[in-house]
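Here's the structure we're looking at; comments come further down.
Nothing fancy with the numbering, it's 1 onward along the sequence.
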Amino acid sequence: MRIFKDAASAADVLKRGRFDDASRAAAVREIVQAVKVRGDEALFAYCEKFDGSALNAQTVAVSAEEIAAAYKEVDEKLLTSLKKAVKNVYEYHARSLMKEDVRTVNGRTTGYAVRPVQRAGIYVPGGTAPLVSSVLMGVLPAKAAGVAEIYVCTPAKNGKVSPAVIVAAAECGVTKLFKAGGAQAIAALAYGTQSIPKVDVIAGPGNIYVTLAKKEVYGEVGIDMLAGPSEILIIADGTQNPVYVAADMLSQAEHDKLARAILLTFDEEFAQKVAAEAERQLSLLPRSDIARCALDSAGGIILVKDGKEACALANEIAPEHLEIATADCEELLKEIRNAGAVFLGSYTPEPVGDYFAGPDHILPTGGTARFFEVLNADIFLRKMSVIRYSKEAILEDGADIVRLAESEGLSAHANAVRVRLEGEK
């Protein structure tokens with residue numbers, strides 16, 4: 001693993017994570033438009049082309065029989081762990097809901113009411129691994145928000161979806177699980193087809209085609225974020241166990257060849273130990289080829305002066321996952337402004353958040369944590385302003401409102417207030 005003497009020498013690694021692939025964007029636009037115009041016909045054609053799934057209106061949704069069969073294939077211990085994770089994630093999101101705030105002062109009622117969207121579409125990737133956890137992390141915030149209809153799309157290989165993904169969707173109580181992936185699934189959720197309903201919000205991670213499709217349909221529907229390849233940034237000092245830190249870097253590097261895993265440390269001897277340990281662990285991983293490619297192209301260890309410089313660099317990178325494994329991690333947290341999720345201490349590896357703790361693992365990547373936020377129940381809620389004036393309040397404020405409306409040349413606006421003032425004289 002590469003060790004960089006400072007941030008400047010690691011500039012090539014740090015600049016990664018954009019969504020400006022023009023050729024792929026053009027291909028995605030073609031797919032989206034085809035599904036928008038031709039509906040199921042285009043959807044099924046692309047599913048067969050990209051996933052080898054010959055689908056039709058009767059087979060595109062996972063059936064009750066397929067759900068029952070999936071439960072028979074899933075290990076009982078896995079099902080028990082899955083149920084625990086569902087409980088943790090749902091309860092976390094349920095207690096984190098946006099609250100209504102409507103107040104009345106001197107005859108003036110102002111505030112906002114909160115309502116869930118009617119339909120949510122959740123995308124669950126299925127390219128290199130069956131991401132059971134992404135079912136929970138996408139569906140349960142919508143469930144906690146009170147969304148009535150939740151539709152999940154996931155790629156099916158030769159018409160088949162992983163039994164564990166099917167069971168996870170059933171445990172989360174989805175309305176329907178569809179065997180459709182890629183840009184065509186995003187288009188189907190955005191515009192609706194004969195088989196897949198149009199939704200209000202689309203959430204969930206995916207590959208570059210999925211991300212570009214979400215970007216393409218934004219405005220027709222709401223989206224959660226534009227998520228790219230997974231990434232982890234670790235700030236660690238010499239008090240940490242290099243075995244733990246190396247393992248945490250590899251936990252993200254194994255996602256895909258474009259994943260990014262970076263360690264910031266101010267202890268050069270510790271950096272050498274982590275590099276050596278990462279190499280040892282890498283040789284034992286089943287997905288070592290993927291992890292090694294990720295580390296070679298978008299990973300490494302960067303030496304910094306101290307915790308303050310590490311935090312400043314972290315804020316600039318705005319990582320998806322940020323682990324702070326230092327003796328003063330609570331103090332360093334105060335300096336962090338931009339991150340998708342922060343993991344504190346020596347015993348909170350990133351997978352704790354990926355699977356079980358409760359907070360969501362669908363997070364902004366590629367520096368977008370500067371303006372996007374972790375997927376949460378509020379993504380599926382809308383604020384509506386609520387205003388009510390009493391007769392006394394409109395008589396008191398009316399002249400000011402008329403004056404402001406007339407200053408803009410909007411006489412009908414002014415008149416809507418004036419007639420009430422004159423009518424109550």
Side-chain angles (χ1 to χ4, degrees), residues 2 4 6-22 24-25 28 123 125 134 137 202-216 218 222-236 248-249 251-265 293-304 307-324 332-344 350 353-354 359-376 378-379:
R2 293 172 294 177
F4 299 95
D6 53 33
S9 60
D12 187 55
V13 170
L14 297 178
K15 72 180 180 182
R16 293 172 177 268
R18 303 301 175 198
F19 310 107
D20 54 0
D21 191 317
R24 286 175 174 169
V28 164
Y123 188 84
S134 290
M137 298 297 179
I202 297 175
N207 62 19
I208 184 65
Y209 296 98
V210 170
T211 299
L212 289 172
K214 287 169 71 177
K215 188 176 181 181
E216 182 73 17
Y218 177 62
I223 63 171
D224 54 346
M225 65 188 77
L226 299 174
S230 188
E231 57 193 24
I232 188 169
L233 178 68
I234 302 173
I235 300 173
D248 292 359
M249 294 184 73
S251 73
Q252 294 308 294
E254 76 167 353
H255 262 296
D256 64 59
K257 293 179 180 180
L258 296 177
R260 182 163 66 163
I262 298 172
L263 167 64
L264 305 181
T265 185
C293 181
L295 288 177
D296 288 347
S297 62
I301 302 171
I302 302 173
L303 297 175
V304 294
K308 183 176 181 180
E309 183 184 348
C311 289
L313 187 54
N315 284 326
E316 183 180 336
I317 296 169
E320 177 188 19
H321 306 101
L322 173 62
E323 288 188 12
I324 307 179
L332 292 186
L333 176 61
K334 297 175 183 177
E335 303 298 319
I336 299 299
R337 298 188 310 277
N338 305 324
V342 182
F343 303 78
L344 297 176
E350 185 275 339
D354 257 359
D360 219 273
H361 83 198
I362 298 174
L363 303 161
T365 66
T368 62
R370 293 177 295 107
F371 46 86
F372 282 131
E373 60 185 330
V374 57
L375 182 63
N376 59 85
D378 292 354
I379 301 295

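- Within the 4.5 Å cutoff, the side chain of Thr265 has no heavy atoms near those of the Ile235 side chain.
- If you take CG on Leu322 and CZ on Phe343, they are separated by 9.0 Å, rounding to the nearest 0.5 Å.
- Closest of all the heavy-atom pairs between Ile223 and Tyr218 is CG1-CD1, 3.7 Å.
- Put simply, CD1 on Ile317 and CG on Leu264 are 5.5 Å apart, with the number rounded to the nearest 0.5 Å.
- Between Asp354 atom CG and His255 atom NE2 the span is 5.5 Å, to the nearest 0.5 Å.
- You'll find the side chain of Val374 stays beyond 4.5 Å of the side chain of Ile362, heavy atoms only.
- Nearest heavy-atom pair across Ile232 and Glu350 is CD1-CB, 4.0 Å.
- Side chain of Asn207 to main chain of Pro125: no donor-acceptor pair is present (N/O by atom type, distance under 3.5 Å, no hydrogens or angles).
- The two atoms that bring Ser134 and Pro205 nearest to each other are OG-CG, 4.3 Å, heavy atoms only.
- Annotation: side chain of Ser230 is in contact with side chain of Glu320 (closest heavy-atom distance under 4.5 Å).
- The shortest heavy-atom contact between Met249 and Ile234 is CG-CD1, 3.7 Å.
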* To do: Just do the side chain to side chain donor-acceptor pair (under 3.5 Å) check on Glu231 and Thr365 with the steps written out, would you?
  => CA-CA 7 Å; Glu231 57 193 24; Thr365 66; 5.3 Å; no
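- Among all heavy-atom pairs drawn from Ile302 and Ala10, the shortest one is CD1-CB, 3.6 Å.
- At least one side-chain heavy atom of Lys214 sits under 4.5 Å from a side-chain heavy atom of Asp224.
- Taking the side chain as every heavy atom from C-beta outward, Thr368 and Met225 never approach each other to under 4.5 Å.
- Contact check for Arg2 versus Val13: side-chain heavy atoms found under the 4.5 Å cut-off.
- In this structure, the separation between CG on Asn338 and CZ on Phe371 is 10.0 Å, given to the nearest 0.5 Å.
- To the nearest 0.5 Å, the span separating CZ on Arg260 from CG on Leu14 amounts to 6.5 Å.
- Residues Ala259 and Ala298 come closest through the heavy atom pair O-CB, 3.6 Å.
- Defined by atom type and a distance below 3.5 Å, a donor-acceptor pair is missing between the side-chain atoms of Asp248 and Ser251.
- In this structure, OH on Tyr123 lies 9.5 Å from OG1 on Thr211, to the nearest 0.5 angstrom.
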